[in-house]
Amino acid sequence: QVQLVESGGGLVQAGGSLRLSCAASGLPISTYNMGWFRQAVGKEREFVSAISRSGDSTPYADSVKGRFTISRDNGRNTVYLQMNSLKPEDTAIYYCAARAAPGSSMSASAYRYWGQGTQVTVSS
C-alpha cells in the first residue's frame, strides 16, 4: 500500500521558516518524480515545486522562487520542502505527490499518489 505522509507544518510568523517532510512507504521515491502542491481556503490547488528522479530538475512556482527549496533523500525515502521568508499568502495545506511517468510536472493531474496534507499558517 502506497502512503505519502507529510509533516512539519505549523504556525509561524511572517519572515520565519518551516521545513516540510514527505515520508513515502510502499514506493521507492528513487523511481518517482515528486512534487509539492498547496491549496488555500477558497482557492484551487496550485503547484509549488517538483524534483525529478535524478534531482537535476527542480522547477518552482514564481511565487516561491528564491524562498523555497525542494530536495530528496532517496535513502530515507523522503522529500523535503524548505520554506524561508514565509509570507501570509503562503498559508495553505501543503500536499506531497508522486509521479511515475518520466519528467517532473507542474500539473496536479499528472501525479498519481498524494499525501493527506499538512497545514501551514503564516501570521502577519
Side-chain angles (χ1 to χ4, degrees):
Q1 181 181 358
V2 174
Q3 274 193 315
L4 300 176
V5 180
E6 302 95 335
S7 62
L11 174 64
V12 64
Q13 288 188 330
S17 299
L18 286 173
R19 187 195 195 201
L20 304 184
S21 299
C22 171
S25 60
L27 65 83
I29 68 164
S30 59
T31 64
Y32 282 77
N33 297 289
M34 305 296 294
W36 284 98
F37 290 78
R38 67 186 182 186
Q39 187 167 17
V41 174
K43 295 187 177 181
E44 294 187 353
R45 190 168 298 190
E46 65 174 1
F47 171 79
V48 175
S49 183
I51 185 165
S52 61
R53 283 177 286 196
S54 64
D56 60 357
S57 175
T58 55
Y60 293 91
D62 288 343
S63 59
V64 307
K65 203 171 292 183
R67 300 187 297 121
F68 291 11
T69 303
I70 191 170
S71 61
R72 63 192 300 154
D73 184 338
N74 290 341
R76 295 181 182 272
N77 223 32
T78 300
V79 179
Y80 303 97
L81 185 68
Q82 178 66 43
M83 307 187 296
N84 298 329
S85 301
L86 283 162
K87 304 175 180 180
E89 51 263 43
D90 294 318
T91 295
I93 299 174
Y94 284 71
Y95 298 91
C96 172
R99 163 182 165 84
S104 54
S105 174
M106 294 186 284
S107 173
S109 62
Y111 291 79
R112 179 174 181 181
Y113 300 108
W114 290 83
Q116 83 291 347
T118 186
Q119 176 71 48
V120 171
T121 303
V122 184
S123 63
S124 57

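Quick note: residue numbers are just sequence positions, from 1. Computed from a prediction, not measured in an experiment: that's the story for all the values here.
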Side-chain polar contacts of residues 18-31 - donor-acceptor pairs under 3.5 angstrom, sequence neighbours left out - could you list them?
| from | atom 1 | to | atom 2 | distance (Å) |
| --- | --- | --- | --- | --- |
| Thr31 | OG1 | Pro28 | O | 2.9 |

For residues 7-17, which side-chain N or O atoms pair as donor and acceptor with protein atoms under 3.5 Å away, sequence neighbours left out?
| from | atom 1 | to | atom 2 | distance (Å) |
| --- | --- | --- | --- | --- |
| Ser17 | OG | Asn84 | OD1 | 2.9 |

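Cluster annotation: Val120 is connected to Val64 through the hydrophobic network of ILVMFWY side chains, with a link wherever side-chain heavy atoms come within less than 4.5 Å. Both Tyr32 and Ile70 are assigned to one and the same hydrophobic cluster, defined by single-linkage of ILVMFWY side chains at heavy-atom distances under 4.5 Å. Hydrophobic clustering, with ILVMFWY side chains joined whenever heavy atoms are under 4.5 angstrom apart, groups Tyr60 together with Leu86. Linking ILVMFWY residues whenever their side-chain heavy atoms come closer than 4.5 Å, directly or via other members, leaves Ile93 and Trp36 in distinct clusters. Under the 4.5 Å side-chain heavy-atom criterion for grouping Ile, Leu, Val, Met, Phe, Trp and Tyr, Tyr94 is not connected to Phe47 through any hydrophobic cluster.
Judged by distance alone, with hydrogens and angles left aside, the side-chain atoms of Thr91 form a donor-acceptor pair with the main-chain N or O of Val122 at under 3.5 Å. Glu6 contributes a side-chain N or O that, together with a main-chain N or O of Cys96, makes up a donor-acceptor pair within less than 3.5 Å. Within the 3.5 Å criterion, the main-chain N or O of Val5 finds no donor-acceptor partner in the side chain of Gln116.
The shortest heavy-atom contact between Ser105 and Ala50 is O-CB, 4.1 Å.
Counting Ile, Leu, Val, Met, Phe, Trp and Tyr side chains that sit under 4.5 Å apart, directly or through other members, Tyr80 stands alone, with no cluster partners.
With 3.5 Å as the limit, one finds no donor-acceptor pair spanning the side chains of Tyr111 and Arg99. A donor and an acceptor atom, one from each side chain of Ser109 and Ser107, are located under 3.5 Å apart.
For the atom pair CG (Leu81) and CE (Met34), the distance works out to 12.0 Å, reported to the nearest 0.5 Å. To the nearest 0.5 Å, atoms CD (Glu46) and CZ (Arg38) are separated by 4.5 Å. To the nearest 0.5 Å, atoms NZ (Lys65) and OG1 (Thr58) are separated by 10.0 Å.
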Step by step, work out the salt bridge (Lys or Arg N to Asp or Glu O under 4.0 Å) result for Asp90 and Lys87. CA-CA 5 Å; Asp90 294 318; Lys87 304 175 180 180; over 6 Å; no
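Open room surrounds NZ on Lys43; 12 or fewer heavy atoms of other groups in view lie less than 6.0 Å from it.
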